[in-house]
Amino acid sequence: MSEIPKAYEPQAVEAKWYQFWLEQKCFVADPARVNARRQAYSIVIPPPNITGILHMGHVLNNTIQDILARKARMDGKEVLWLPGTDHASISTHSVLERELRKRGVMKHRTDLGREKFLEHAWAWKEKYGGIIIQQLKKLGCSCDWTRERFTMDPEYSRSVQRVFVALYKQGRIYRGKRMVNWDPAARTALSDEEVEMLETKGHLWHLKYPLLDEAGHPVPDQFVVVATTRPETMLGDEAVAVNPKDPRYTTLVGRKVLLPLQNRPIPVIADDFVDPKFGTGCVKVTPAHDPNDYAMAQRHGLPLTVVIGPDGAMTAAAGKDFERLDRMQAREAAVEKLTAQGLLLKVEDYVHSVGHSQRTRVPIEPYLSEQWFLKYPAVDQARTCVGLGAAVDKSVPWVHLPGAGACGEDRKRLRLAAMKLARQEGWIGKTFRNVDTGWDVLLRRKSLSHAFNNRNAIVIQAASVLPELIRTAVLWRSEPHRPPHPRFKQVHHLLAGLNQAGEYYAVPIVVKELADGTFLYDYKAKRAAFGGKPLVAHLPEEKLGSQPAPNVASVSVRELLASVKSDLGGAIRFYPDRWTKTYAHWMANLQDWCISRQLWWGHRIPVWYNELGRRALDKTVLVVRLSGQELPGRTARDLRRSAWRLAETSGFLRQRFENRDTGWEIYVNRRSLEHAFANKGLANIKLVPALPQLLNHAVHIATESHAPPIPQVARVHKFVAALQLDAELYRVKFTVKELRDGRKFFDHQAISVKGKETDGKSPGTHPLTGKLVTRPASASCYKVAEIVGDVNSDAAFIRCQIDSPGEGWIQDPDVLDTWFSSWLWPFATMGWTGDREQDAQHPTLKAFYPTTDLVTAPEIIFFWVARMIMAGYEFMGDLPFRNVYFTGIIRDKQGRKMSKSLGNSPDPLDLIAKYGADAVRFGTMRSAPLGQDVLFDEKDVELGRNFCNKLWNACRFRQMQGGNVEGEIDPRLLSSDDRWILLRLDQAICEIDAAFAEYRFNEIAQTLHRFFWSEYCDWYVEASKAILSGSSLTLATSDLEHRANTLAVIDFILSHTLRLFHPFLPFITEELWHGMGFHDDLPADQGGRTIMVAHWPKPFDAAFKEHYGLDAAVEQFVSAKYELVGQGRNLRREANIPAGKKVRFVLKPAGQLAAHEVEVLKLLLQAEKLELDSSYPPRKGTPVVHSVLGELYLPLEGLADLGAERARLTKELVKIDGEIEKVQAKLNHPAFREKVPPAVLAEHQKRLTDWQAKQTRVQQALNALGEGSG
RNA sequence: GCGCGGUUAGCUCAGUGGUAGAGCACUACCUUGACACGGUAGGGGUCAGAGGUUCGAACCCUCUAUCGCGCACCA
């Protein structure tokens, strides 16, 4: 098969196999194939932006995902790797708007209007949005492309909106006027997470504000000096603040200063916020343009003057001189004018952090605007499910255990003794309240006996302090309990510390929460130690004392956990786990999430406003005053009856009243009255006398189409009126039902009026008392807006629902933060409907949710990971993934972040074209250790290419040998080299499995590299040439048998190697798998069709090793052989023998040596001849090396160079002496022999003997050379 | 200010108590029938510094230096 090219050419191979995999539907996940024996494995791609193109970060991230997915398939799992893209509101806006401006289509998006703009956006998305997906295919990603999703797919969008509506209904979403982070370039609000603080060199301007006297005239030469970094904001100043405790300024408080440029008097106020030590201790207060100033303004009732508009330009309020200036120009202008007026005291250089928009890079403007906010759901679950939870910073007291001795070694007897103790003390069946959680934890016989099944006598000793342990244990994690124990709702992990005579134990207590609310416990004690050493060594003296006092010492949970962490994993684990801290920190300091963006591309907020209602808000309603007339009756029923009577006698019933606002005639009938009175609130009854008037004066605020099931009703109209009873003001809401015949019946409800939300946080209850006079004139009027109060709660004006409520309703113009769609990614991509029962039956969700792994960057722990966890718990009732792997950041050789602007990011597609996808994958993975940033170097890819080439040629070599493919291996014919390489393979498989379990991909890559290159190619293949093509090869049957057997071993190794390599190098392994014919005899679904689903190699079991004679002796022998070869080659080099020259070696063997071994040695030594001679008399000065297998001489022709040989031996001797000295020093240490583990001691002794033997031999050789120069 | 990570060969980095490692680069030799995208041999390290724990420390603890990252504050 010599047609195989000499070097691997990836391009054609990659295209061919990717096409093949797609055609054969190898990436398609089928939930129907998932069952008890075939587990599901799932992973959702972190959806790349549609604006993005593939960069090295994607390569790293997606290669890892592909490796995980391919490995899982080979493990026999049903794999779903779900791909897709993210619509990326702000990015898309910025890219698209730039392009449209460049093309001259528009100046600002408002020129186009929303609809036109979105047309452009969709067109752009269709054209460019799929680029990155195509690029991932080039990388070999095995995503199920049939399930590709986009966050703005109709189905996905509906999920986003469904979630919004659900959270809105829970009261978690609210609208509020707040100081938000405003991006003046994109003209939108941003969440706190999207703001990047950048150190900025600026100035601190000290401004002089003239002090005014009582009459409002400036006092000559008296100023208040304030310092600011943003002089342009002074135009919106409303006060100067000082600290109330600052003695310098107490006399100033309450006086006024003149705001320069605006020539407006503003007050001096006192507020604790002011730090007297900073600057002059006086602060200018700009309520509309600084979050802290805004808070102060709220406290002091200051007005808000907006001087900077949403586009970053000054408003009219800034004054004629500044209006329309950009904020930076305004700064210069203000400074200039102040300087001219002599009001600028000084300017200092000042370095401070300024918030910048992550997307547009412009400085953030604090801006007062109305936005939507979300109070995060499922926070508690999200907080406790990851890693160690928040409890790690707590401390637990040491519970002191008196030296209650163990009752012998027998575990059963110990258990009985402990049970007896527990019974005697009356603990069994008793509950103990945990101080940390307040729970009552129940002590049961069964849990006690379970605990004692664990090894460790301390558990039994701890029985005597059980109640205390349970009481003082700290909760550090809760996780949902899974089947098969449906009785258990939740599992909690608690941790306590135990001290017995200076020994410290961590006691993890597992508490199971039952559905009925009881808590049962189980526990196990483990010696608390660090790095194998007792904790006692690490605790400060005062915590211990020689006889520790009970319960005084305490230790942090973190310290205790260090010793038990490995036992107890969180429901979600982070790799590397240090990110759990970052996560916990953020979860502990959650701020409500600003989810609205003033953009068009994205999910429009599913909130509808009633246009008529909004217009009606500006109308005024007459307050109808109700005399204090009481209706007779005490119970609601009595009252209702008398109300009807009154209505009847007053002639209201069946009467029509003309409404002044609409001109309609509204009927009062008995029925509607009855319904109204069924509402709680005496006001309903009391207002009956005022009813005609209310109906006349009510203002129409909303019309909506009526939904079935009352076919006679065509529409529903909402009216509002105001009613005053004594000093209480009521809002009266009328629902007017318009029948199809045109008649209108009413229904009504009165609610006492509360104020609007004022503090921006919780809608408070602020009765409008100030506005009501004690005896108001009956003609007093209020704006509808005022009496309607909190709009959020009033369904008359605002609706939260996915589809339009009907004509007259207009949708909120804002879109949602892109992350508000991304946080649903793990389930919204799988067909989520929001209906629990339906979702539970959905095949995809059922089989693949929760997902197994998530691979992402640590920068988006807050943006994405944490939010996905909360959404998962909230909407699926379960976590979204079990493991999160955080990649490092890819940097360039200089350590700089790769970025477009620096131009230091190589285009991965160029690399793939140049080196092949496998090379890019392997090179990247080899240089990307867990949790560290990656300094990318093209050399890494070159290494990958070289490696592929090596693999290619090794297989090529095998093919050139011919023979049967994958013949039977006969253990009787195995050479020592065969056995050795099988052992090395086993070792490699074990190492790789262990590394996979910990997501240490660079270690896997290194192991693969070492095994294949350094062990298989460098040693085994070379050695096997003795049989395959050695000079002694004859056509004798035995030789041919050996040859076939060697080929069988090679095939065995290669077929395993290809499978081990497949997740990293999918293309070349598939090509070789077929090229070598390894697929031939396999069933289609086990590697017959594709290596993708070939079985993942397993470590050899004992029977296999015994059958093939794989033991430590072989390993030692072959190691010694190769060491001898190394030494022999070194002799050649020292003697300056050219590499290509064949020489004669003589071996004085130490024992029996098979002819085959001699042949191998000869080959590896590049020897013309290797003579075996046990009585070889070397000429004086003949270079020699000594090994376990014997002495190897390199007889030289002509005069031996005695000096060179002496120098060589002396050098070796020095090295040996050094080693001996080191080992001996250790062994001579008196404590060493006593304390060291026996295995280590033996190992050291052997090392010493070996070196000493070597020393003797080298010394002898040196002596044989004689003294002096020769 | 708080927290996290790093400091190991010329470069990039592995290594988590028991003989200091890899790749690249370097030096010398070798185009040998798998592979020059290769082979063989070699040089090169007080594991940032100091102290401590230990029989034993690159590894655990404390401190220092230094670089990087994140959070908070910033008038």
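Heavy atoms only: backbone and side chains are in, while hydrogens, waters and symmetry mates are out. Note that the coordinates shown come from a computational prediction; the quantities given were computed from them, not determined experimentally. Letters go in sequence order (proteins before strands), and every chain restarts at 1.
- Within the structure, every pair that satisfies the side chain to side chain donor-acceptor pair (under 3.5 Å) test and touches residues 1220-1242 of chain A, not counting sequence neighbours, is listed here: A:Lys1226-A:His1244.
- At the heavy-atom level, A:Arg1233 lies nowhere under 4.0 Å from the strands shown.
- Using a 4.0 Å cut-off, some side-chain N or O of A:Trp1013 falls inside it from OP1 or OP2 of B:G39.
- Under the 4.5 Å side-chain criterion, counting only non-hydrogen atoms from C-beta, A:Ile1050 is in contact with A:Leu1028.
- Between A:Trp952 and A:Glu1071, some side-chain heavy-atom pair lies under the 4.5 Å cut-off.
- When the nearest nucleotides of RNA chain B are assigned to A:His1009 and A:Gly1126 by heavy-atom distance, the more 5′-ward of the two goes with A:His1009.
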For RNA chain B, the expected dot-bracket line (Watson-Crick or G-U under 3.5 Å, [ ] crossing, | inter-strand) is ((((((((.[[[[.)..(..]]]].(((((.......))))).....[[[[[..)....]]]]])))))))....
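- The pair A:Asp246-A:Arg248 meets the salt-bridge criterion, since a charged nitrogen lies less than 4.0 angstrom from a carboxylate oxygen.
- The phosphate of B:A34 has neither OP1 nor OP2 within less than 4.0 Å of any side-chain N or O from A:Asn949.
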Check nucleotides 6-9 of chain B for protein N or O atoms closer than 3.5 Å to its own N or O atoms and list the pairs.
none

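- Comparing B:C74, B:A34, B:A25 by their closest approach to the side chain of A:Val1021 singles out B:A34.
- Of the C1' atoms belonging to B:A72 and B:C13, the separation is 33 Å, rounded to the nearest Å.
- For A:Asn1130, the side-chain atoms get nearest to B:A41 when compared with the rest of B:A41, B:C74, B:A34.
- Figure legend: cation-pi geometry between A:Lys950 and A:Tyr1016 absent, as NZ or CZ is not positioned both under 6.0 Å from the six-membered ring centre and within 45° of its axis.
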Would you be so kind as to tabulate the donor-acceptor pairs closer than 3.5 Å made by side chains of residues 268-288 of chain A, with sequence neighbours excluded?
| unit_1 | atom_1 | unit_2 | atom_2 | d |
| --- | --- | --- | --- | --- |
| A:Asp271 | OD1 | A:Phe273 | N | 2.9 |
| A:Asp271 | OD1 | A:Arg299 | NH2 | 3.1 |
| A:Asp271 | OD2 | A:Arg299 | NE | 3.0 |
| A:Asp271 | OD2 | A:His300 | NE2 | 2.7 |
| A:Asp275 | OD1 | A:Lys277 | N | 3.0 |
| A:Thr280 | OG1 | A:Val225 | O | 2.6 |
| A:Thr280 | OG1 | A:Cys282 | N | 3.2 |
| A:Lys284 | NZ | A:Thr233 | OG1 | 2.6 |
| A:Lys284 | NZ | A:Asp237 | OD1 | 3.1 |
| A:Lys284 | NZ | A:Thr286 | OG1 | 3.0 |
| A:Thr286 | OG1 | A:Asp237 | OD1 | 2.7 |

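- Rounded to a whole angstrom, the distance from the C1' atom of B:G38 to that of B:G10 is 24 Å.
- Closest to the side chain of A:Lys6, from the set B:C35, B:A34, B:C4, is B:C35.
- For the C1' atom pair drawn from B:A22 and B:C30, the interatomic distance equals 24 Å after rounding to whole Å.
- Atom CG in A:Asn1002 sits roughly 17 Å away from atom P in B:U12 (whole-Å rounding).
- Proximity of A:Lys1025 to the phosphate of B:G33: no side-chain N or O atom is located under 4.0 Å from OP1 or OP2.
- Spacing of C1' atoms, B:U40 relative to B:U31, comes out at 14 Å, to the nearest Å.
- Nucleotide B:G3 holds its C1' atom 7 Å from the NE2 atom of A:His585, rounded to whole Å.
- Residues forming a side-chain contact (heavy atoms from CB on, under 4.5 Å) with A:Asn181 (at least two apart in sequence, or on another chain): A:Leu190, A:Asp192, A:Val195, A:Ile364.
- A:Arg1132 has its CZ atom 19 Å from the P atom of B:A28, to the nearest Å.
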Quick test: give all pairs of protein nitrogen or oxygen and nucleotides 18-21 of chain B nitrogen or oxygen below 3.5 Å, distance rounded to 0.1 Å.
| unit_1 | atom_1 | unit_2 | atom_2 | d |
| --- | --- | --- | --- | --- |
| B:U19 | O4' | A:Arg1247 | NH1 | 3.1 |
| B:A20 | OP1 | A:Lys1222 | NZ | 3.0 |

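- Across the P atoms, B:G18 and B:A57 are found 11 Å apart, a figure rounded to whole Å.
- Rounded to whole Å, the C1' atom of B:G56 lies 8 Å from the corresponding atom of B:G17.
- Rounded to a whole Å, the CD1 atom of A:Ile1137 is 15 Å from the P atom of B:G42.
- Counting heavy atoms from C-beta on, the side chains of A:Leu1192 and A:Leu1124 come closer than 4.5 Å.
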side-chain contact (heavy atoms from CB on, under 4.5 Å) between A:Val1214 and A:Glu1212: does it pass, once the steps are laid out? CA-CA 5 Å; A:Val1214 167; A:Glu1212 203 178 335; over 6 Å; no
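- Tested against A:Phe947 for a ring pair (Phe, Tyr, Trp, His ring centres under 6.0 Å), the candidates A:Tyr915, A:Phe1011, A:Phe922 yield a single pass: A:Phe922.
- In this structure, A:Asp275 reaches the bases: a heavy-atom distance under 4.0 Å links it to at least one base atom across the strands shown.
- For A:Arg1133, the side-chain atoms get nearest to B:A41 when compared with the rest of B:G43, B:A41, B:G3.
- Look at NZ on A:Lys277: it is 13 Å from C1' on B:C73, rounded to the nearest Å.
- Nucleotides B:A48 and B:A20 are separated by 15 Å at their P atoms, to the nearest Å.
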Start with the C-alpha distance between A:Phe223 and A:Tyr209, add both sets of side-chain angles, then the distance that settles ring pair (Phe, Tyr, Trp, His ring centres under 6.0 Å), and finish with yes or no. CA-CA 5 Å; A:Phe223 300 96; A:Tyr209 288 5; 9.8 Å; no
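- Counting heavy atoms of neighbouring residues, nucleotides and ligands inside a 6.0 Å radius, atom CD of A:Glu348 exceeds 12 of them.
- At a cut-off of 3.5 angstrom, counting only N and O atoms as typed in the model, there is no donor on one side facing an acceptor on the other between the side-chain of A:Gln1127 and the base of B:A41.
- Between the CD atom of A:Glu1022 and the C1' atom of B:C35 there is a distance of 10 Å, rounded to whole Å.
- No hydrogens or angles were tested; on distance alone, a donor-acceptor pair under 3.5 Å links the side chain of A:Lys950 to the base of B:C35.
- Checking the phosphate oxygens (OP1, OP2) of B:G38, a side-chain nitrogen or oxygen of A:Asn946 falls inside 4.0 Å.
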List the steps and the verdict of side chain to side chain donor-acceptor pair (under 3.5 Å) for A:Gln1116 and A:Ser1119. CA-CA 5 Å; A:Gln1116 275 171 26; A:Ser1119 297; over 6 Å; no
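- Nucleic acid contact for A:Tyr350: sugar-phosphate only, since backbone atoms but no base atoms lie under 4.0 Å from a heavy atom of the residue.
- Distance noted for atom C1' between B:A58 and B:C26: 25 Å (whole Å).
- Between A:His1229 and A:Trp1019, the residue anchored nearer the 5' end of RNA chain B, judged by the nucleotide with its closest heavy atom, is A:Trp1019.
- Here A:Arg578 does not reach the OP1 or OP2 of B:G3: none of its side-chain N or O atoms lies under 4.0 Å away.
- Dashed line: the shortest gap from a side-chain N or O of A:Arg945 to OP1 or OP2 of B:C37 is not under 4.0 Å.
- For A:Met197, counting side-chain heavy atoms from C-beta on, the closest listed nucleotide (B:C74, B:G23, B:C4) is B:C74.
- No side-chain donor-acceptor contact under 3.5 Å links A:Arg1133 and A:Asn1130.
- Note on A:Asp1250 versus A:Lys1254: no salt bridge recorded, every NZ/NE/NH1/NH2 to OD/OE distance being 4.0 Å or above.
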